[in-house]
Amino acid sequence: MTGSAKGPSVLIVGTGFGGIGTAIELKRAGFTDFTILESAAEPGGVWRDNTYPGAACDIPSPLYSFSFEPNPRWPKRFSHQPDILAYLRRVIAKYGLEPHIRYHREVTAAAFDEDRGLWRVETGTGETFEANVFVPAVGQLSRPVLPDIPNRESFAGDAFHSARWDHGVDLTGKRVAVIGTGASAVQFVPELRKRAQHVTVFQRTPPYVMAKSDPSYRRWQHWLFEHLPPTQLLGRLRIFLLAEYATYAMTRHPALAKMFELRTAQLRRRHIKDRELRAKLTPAYPLGCKRILFTNDYLPALAQPNVDVETRRIAEITEKGVRVEGGTEIEADVLVYGTGFAATQFLGRMEVRGLGGRSLDDEWSGGARAYLGMTVPGFPNLFCVYGPNTNLGAGSIIYMIERQARYIRQAVERLSRPGVSYVDVRPEVEERYDREVQGRLGRSVWSACTSWYRQADGRVTTNWPGLVTEYDRRTRRFDVADYRVA
């Protein structure tokens with residue numbers, strides 16, 4: 001892979017929505033010299049890996065899908081994991097991407113050869129790939145994190161992370177301890193309660209929970225979406241506008257967010273009659289500071305007699321269960337960790353080196369940063385997808401991915417011109433951009449509490465500070481003046 005008459009060669013890492021969306025954008029523009037490296041045996045990213053009971057998307061499917069490839073036959077408004085994975089596989093087949101994918105190729109290292117204008121990428125199999133353009137599309141939510149709790153390995157029963165669900169463990173009649181109350185836990189806890197004898201949910205901080213309108217689509221609606229596509233497009237537009245309004249409320253006008261807080265309080269009063277439990281489930285931080293969770297089942301599940309919510313700090317894991325502060329040991333047969341992902345480690349375990357052998361780990365030692373979330377000075381022709389500061393507090397990340405894919409395609413077009421070896425974003429451009437983004441984030445709700453959006457020093461490395469329409473505008477054109485061209 002060293003380029004061809006059809007344009008520069010491109011190496012993409014990952015077969016989730018980011019990698020697939022970028023590949024389709026390139027192929028639709030006539031660039032076919034690309035390869036996609038995938039560490040697993042099949043495509044899908046997070047929708048391949050997260051198979052826990054109740055796994056679903058918290059963004060409605062008409063918006064959580066490619067704009068150029070609507071699916072008129074989503075079974076529900078908020079689709080479940082098998083349906084999203086099936087959609088992604090259909091898209092891969094339709095656009096003929098399978099021949100471009102190399103499975104069981106986990107990228108371990110990548111280095112830029114300045115003399116040749118090529119990225120040299122090494123995999124765990126010992127193979128080496130070369131390409132003009134390197135596109136890591138591994139996402140922010142692909143590497144599960146286990147909590148740093150003393151004696152975690154001492155537990156004698158079955159234990160696993162929700163993103164690595166062990167379906168061989170029979171939970172029927174078992175005592176299950178769930179550590180974590182994030183977006184995954186609010187989906188699998190209601191399902192666990194139906195099977196287990198008892199579920200103890202260990203909660204550090206309560207999430208804001210909102211109800212979701214999640215009807216199943218009927219046959220006549222499927223017919224309408226298929227034969228009159230604008231009807232589905234209108235639904236997508238409505239969801240899009242609601243998400244932009246929620247973002248505006250959280251970033252620009254906190255008073256508007258009070259309306260959402262009132263709705264979450266009403267929901268707690270409706271489902272949680274016990275005042276002590278309701279107090280445990282009432283957040284003491286501004287709405288939006290942590291991810292807002294959409295579910296109709298979580299609060300009713302917590303009110304059931306076979307579910308307890310434990311808010312005392314975990315002191316250690318024991319052979320028989322979990323010991324909390326004060327010395328009380330809560331016994332369990334199974335431990336399930338719903339403790340999220342290494343969201344601020346954007347390239348996982350890859351060792352990436354740019355001009356002069358500089359290390360991206362060193363460049364990001366104070367926190368990941370990239371111009372428009374994609375490019376880093378000193379790392380030519382490297383474009384991250386779903387990179388630093390491109391996550392959303394509301395809305396569909398696929399919208400952001402499509403804008404990034406468009407930008408990368410324009411960069412590839414520039415690189416296809418005679419005499420152009422690489423483009424390297426100017427340090428002053430990236431520095432000015434980062435100051436602006438961090439300044440805005442410092443005044444936003446995402447700086448008001450501790451969450452996976454932030455590093456320990458308070459820097460927000462994950463979220464985009466504005467509306468997605470702003471990101472669309474700022475990435476609409478690849479401005480070569482922002483780059484050093486060689």
Side-chain angles (χ1 to χ4, degrees), residues 12-26 28 45-47 57-70 84 87-88 91 135-142 183 236-237 239-248 250-251 288 291-292 341 343-344 346-347 368-376 382-411 425 430 433-434 436-438 440-441 444 446 452-453 460-479:
I12 301 168
V13 183
T15 58
F17 275 98
I20 296 307
T22 303
I24 293 173
E25 178 74 19
L26 292 173
R28 292 171 78 191
V46 295
W47 298 110
C57 187
D58 59 1
I59 300 297
S61 293
L63 187 59
Y64 194 84
S65 50
F66 291 121
S67 62
F68 55 84
E69 198 60 45
I84 299 171
Y87 167 81
L88 194 55
V91 170
V135 182
V138 296
Q140 296 185 18
L141 305 177
S142 58
R236 177 185 173 95
L237 178 61
I239 299 164
F240 175 85
L241 293 174
L242 285 173
E244 287 288 81
Y245 174 78
T247 300
Y248 178 80
M250 289 188 289
T251 60
R291 187 166 180 84
I292 302 168
F341 302 86
T344 59
F346 291 88
L347 299 185
R369 49 192 286 175
Y371 178 56
L372 298 173
M374 289 181 275
T375 62
V376 183
L382 182 150
F383 298 90
C384 295
V385 173
Y386 197 8
N389 297 117
T390 61
N391 185 60
L392 301 173
S396 173
I397 191 60
I398 297 177
Y399 182 95
M400 301 287 278
I401 285 169
E402 287 191 40
R403 273 67 200 164
Q404 292 159 22
R406 178 184 63 190
Y407 189 87
I408 293 168
R409 184 258 302 161
Q410 292 181 58
V425 67
E430 188 277 335
Y433 172 83
D434 185 69
E436 177 208 340
V437 167
Q438 290 303 315
R440 292 168 64 182
L441 287 168
S444 75
W446 298 308
W452 62 265
Y453 298 148
V460 178
T461 58
T462 56
N463 283 15
W464 170 244
L467 303 179
V468 297
T469 45
E470 179 193 348
Y471 191 78
D472 172 58
R473 174 180 56 80
R474 295 180 72 157
T475 57
R476 191 166 298 163
R477 183 173 67 90
F478 179 84
D479 189 349

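What you are looking at is a predicted structure, and each value in this text was computed from that prediction instead of being measured.
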Treating [X] as the side-chain partner and [Y] as the backbone partner, does any N or O pair qualify as donor plus acceptor under 3.5 Å?
| X | Y | value |
| --- | --- | --- |
| Asn389 | Ala370 | no |
| Gln404 | Leu372 | no |
| Glu25 | Ala405 | no |

Roughly how far apart are [X] [atom1] and [Y] [atom2], rounded to 0.5 Å?
| X | Y | atom1 | atom2 | value |
| --- | --- | --- | --- | --- |
| Met250 | Ile292 | CE | CD1 | 5.0 Å |
| Phe17 | Ile398 | CZ | CD1 | 4.0 Å |
| Leu441 | Tyr453 | CG | OH | 11.5 Å |
| Asp434 | Arg369 | CG | CZ | 3.5 Å |
| Asp479 | Gln410 | CG | CD | 10.0 Å |
| Arg291 | Asn391 | CZ | CG | 6.5 Å |

*Sequence neighbours left out, what passes side chain to side chain contact (heavy atoms under 4.5 Å, CB included) with Ser65? Give chain and number order.*
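If we apply the side chain to side chain contact (heavy atoms under 4.5 Å, CB included) test to Ser65, skipping adjacent residues, the hits are Trp74, Tyr87, Arg236.
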_Under the side chain to side chain contact (heavy atoms under 4.5 Å, CB included) test, residues paired with Leu392 that sit two or more places apart_ =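 Partners of Leu392 under the side chain to side chain contact (heavy atoms under 4.5 Å, CB included) test: Met400, Trp464, Val468.
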_Can you confirm whether or not the ring centre of Tyr399 sits under 6.0 Å from the ring centre of Tyr471?_
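No.
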For [X] and [Y], which heavy atoms make the closest approach, and how far apart are they?
| X | Y | value |
| --- | --- | --- |
| Leu63 | Ile239 | CD2-CG2, 3.7 Å |
| Val385 | Ile408 | CG2-CD1, 3.7 Å |
| Gly373 | Thr390 | CA-CG2, 3.7 Å |
| Cys57 | Ile84 | CB-CD1, 3.6 Å |
| Ile12 | Gly19 | CG2-CA, 3.7 Å |
| Tyr371 | Glu430 | N-CG, 3.8 Å |

Would you check if [X] and [Y] make a side-chain contact, meaning some heavy-atom pair closer than 4.5 Å?
| X | Y | answer |
| --- | --- | --- |
| Thr461 | Phe346 | yes |
| Tyr386 | Val138 | no |
| Trp47 | Leu88 | no |
| Pro136 | Leu382 | yes |

*Using the test salt bridge (charged side-chain N to carboxylate O under 4.0 Å, His left out), find all partners of Glu244 that sit at least two apart in sequence or belong to another chain.*
none
*In sequence, state the C-alpha distance, the side-chain angles, and the governing distance for Glu402 and Arg406, and then conclude on salt bridge (Lys or Arg N to Asp or Glu O under 4.0 Å).*
CA-CA 6 Å; Glu402 287 191 40; Arg406 178 184 63 190; over 6 Å; no
*Is Arg474 positioned over the aromatic face of Tyr433, cation under 6.0 angstrom from the ring centre and no more than 45 degrees off axis?*
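Relative to the ring axis of Tyr433, which defines the angle, Arg474 lies outside at least one limit.
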_Check Glu69 with Arg28, please: is the shortest side-chain N to carboxylate O separation under 4.0 Å?_
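Salt bridge absent between Arg28 and Glu69.
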*Step by step, would you call Val425 with Val376 a side-chain contact (heavy atoms from CB on, under 4.5 Å)?*
CA-CA 6 Å; Val425 67; Val376 183; 5.5 Å; no
